[in-house]
Amino acid sequence: MYRLLLAAAARAGQALGAPGPARTTAVHRSAPATAASGGRALGTLDTARTTAVRRSLLYATVCGGLVLGLSGVALAADQPGVAAQAADLPAPTGTAPVTGEASGAGRPVLTGIRTGRHDAYDRTVFDFTGGTPGYRVEYGPLVEQGRGDTVPVAGQATLVVVFTGLDNPALDLSRVYDPALPTLRQIRSGGYFEGHANFGLGLNDRVGFRVLVLHGPDRIAVDVAHQPDQAFQSGAYQHTGTAPDALVTAVRSGRHPGYDRLVFDMAGDQAPSLDVRYPDGGPHLRVTFTGAGSPTTAPHASHSGPGEYTFGLPTLRGLRFTVVGAGIMTADVTTAARHGFRVMLLPNPNRVVVDIAT
């Protein structure tokens, strides 16, 4: 049996290159990186340690029948349901501030910053030693630590990352990164002061983001979604939903490069049925919400807040709600002209997004 195991181990070593030294490759590829790898190196280069770990694991399994756990593939995320997989993650959709606690009792040291392009998002990785710090990530201006002066960041929107409980960073915070990715244009720091360090991610648009805390090595990844590639249309959009009621809890709007955005925040986690179209030749886009009801209750449709809104954006001018009854409600949207539009249904939080081309 011992000789058989040695022979099997030798065959595994020939096939996999184990147990000799692993090849080290700096991550400088243009293809999308995996969710656990972090992406292309800008500061401290990462190594392709995953292949070496897999070789060592298989070699040890053949020799002794051992099953080992990999700390490098464990992923702790701020959004539920996110797990470390070999396949890439979907684009993030949340835009609300995200916070997290430190992972250790000491004071972590920031050692590097890396970026990478993925299929549906761009990733920024902050490398640490000694655990990961507390953090807060949200849209807003980048300010200089200890002074409060605004630091300019290239892009249409700035996503600010603040780390707390840090020791002195082991990298040059005056360096400006220009990764030239689809969404991520620039990274610059507001400095370090009394355990706090902050960074501004300059983006081409205000998009969804997520924060992942990873270990082995310690790092925090911030993913920013690519801009929608869905085309604008002039014909009717229809969707059959499953929400028993059509309840709009809030209305938001914003100006983006090339379009104005109208957001309907919805109650529950299911989308209602939708019909979006220009009902006549004028500049009035009608959004019709319809609840599906349930076996025991009739559908209901309503909205919170005022019945009319004025936006004053280049294309998006105003909105008026009308509750028709029987689970049906319309939102008549006034636009500057008959522009193309697109509709997206986004989760976490549940919302209906209508973009109108400018």
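Keep in mind that what you see is a predicted model, and the values were worked out from it rather than measured.
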Note to self: Between I356 and L262, is there a side-chain heavy-atom distance shorter than 4.5 Å?
What the structure shows: no
Checklist line | Transitive ILVMFWY side-chain link L346 to V251, under 4.5 Å | finding: no
Check: When you look at D127 and R114, which way does the side chain to side chain contact (heavy atoms under 4.5 Å, CB included) test go after all the steps?
Finding: CA-CA 8 Å; D127 290 311; R114 299 174 285 128; 2.7 Å; yes
Margin query: Between F232 and Y259, is there a side-chain heavy-atom distance shorter than 4.5 Å?
Written below: yes
Next item on the list: Examine distances only and state if a side-chain atom of T249 and a backbone atom of A267 form a donor-acceptor pair shorter than 3.5 Å.
Entry: no
Margin query: Quick check against the 3.5 Å criterion: does T322 have a side-chain atom that pairs as donor or acceptor with the backbone of T330?
Written below: no
Item checked: Heavy-atom side-chain proximity of D88 to Y121 below 4.5 angstrom -> yes
Next item on the list: Please examine the side chains of F321 and V287, heavy atoms only from C-beta on, and report whether any two atoms are closer than 4.5 Å.
Entry: no
Note to self: Between R261 and D355, does any side-chain N to carboxylate O distance fall below 4.0 Å?
What the structure shows: yes
Margin query: Quick check against the 3.5 Å criterion: does D280 have a side-chain atom that pairs as donor or acceptor with the backbone of G282?
Written below: yes
Note to self: Within this structure, what is the NE2-OG distance for the pair H339 and S234, rounded to the nearest 0.5 Å?
What the structure shows: 12.5 Å
Notebook entry, point to check: Do we see a donor-acceptor contact under 3.5 Å between the side chains of N204 and Q156?
Noted result: no
Check: Taking all non-hydrogen atoms of both residues, which atom of H239 and which atom of P272 are closest, and how far apart?
Finding: CD2-O, 3.4 Å
Checklist line | Non-hydrogen side-chain atoms of T124 and Y177 separated by less than 4.5 Å | finding: no
Note to self: Is it the case that the side chains of T132 and S103 hold a donor-acceptor pair, with the cut-off being a distance below 3.5 Å and no angle test?
What the structure shows: yes
Margin query: For a quick test of reading the model, state the closest non-hydrogen atom pair linking S189 to N198 and the distance between them.
Written below: OG-O, 3.0 Å
Margin query: Any non-hydrogen side-chain atom of H303 less than 4.5 Å from a side-chain atom of V323?
Written below: yes
Notebook entry, point to check: Ignoring hydrogens and geometry, is there a side-chain-to-backbone donor-acceptor pair from R342 to Q230 under 3.5 Å?
Noted result: yes
Checklist line | Non-hydrogen atoms of A221 and L214 that approach each other most closely | finding: CB-CD1, 4.2 Å
Notebook entry, point to check: With no hydrogens and no angle check, is any side-chain donor or acceptor of D122 less than 3.5 Å from a backbone partner on L184?
Noted result: yes
Notebook entry, point to check: Ion pair present between R123 and D223, side-chain N to carboxylate O less than 4.0 angstrom?
Noted result: yes
Note to self: I'd like to know if the side chain of Y139 reaches the main chain of V207, judged simply by a donor and an acceptor atom lying under 3.5 Å from each other, with no hydrogens or angles considered.
What the structure shows: yes
Check: Ion pair present between D260 and R255, side-chain N to carboxylate O less than 4.0 angstrom?
Finding: no
Next item on the list: Check whether any side-chain heavy atom of H284 sits under 4.5 Å from a side-chain heavy atom of D332, and report yes or no.
Entry: no
Checklist line | Derivation of the ring pair (Phe, Tyr, Trp, His ring centres under 6.0 Å) call for Y237 and F341 | finding: CA-CA 9 Å; Y237 168 91; F341 66 91; 7.7 Å; no
Next item on the list: Look up atom OG1 in T93 and atom CZ in F209, then write down how far apart they are to the nearest 0.5 Å.
Entry: 10.5 Å
Next item on the list: Using the ring pair (Phe, Tyr, Trp, His ring centres under 6.0 Å) rule, take F128 and F163 through it: C-alpha gap first, then chi angles, then the decisive distance, then the call.
Entry: CA-CA 11 Å; F128 299 92; F163 297 119; 5.2 Å; yes
Margin query: In the structure I gave you, are the side-chain heavy atoms of D265 and S304 within less than 4.5 Å of one another anywhere?
Written below: no
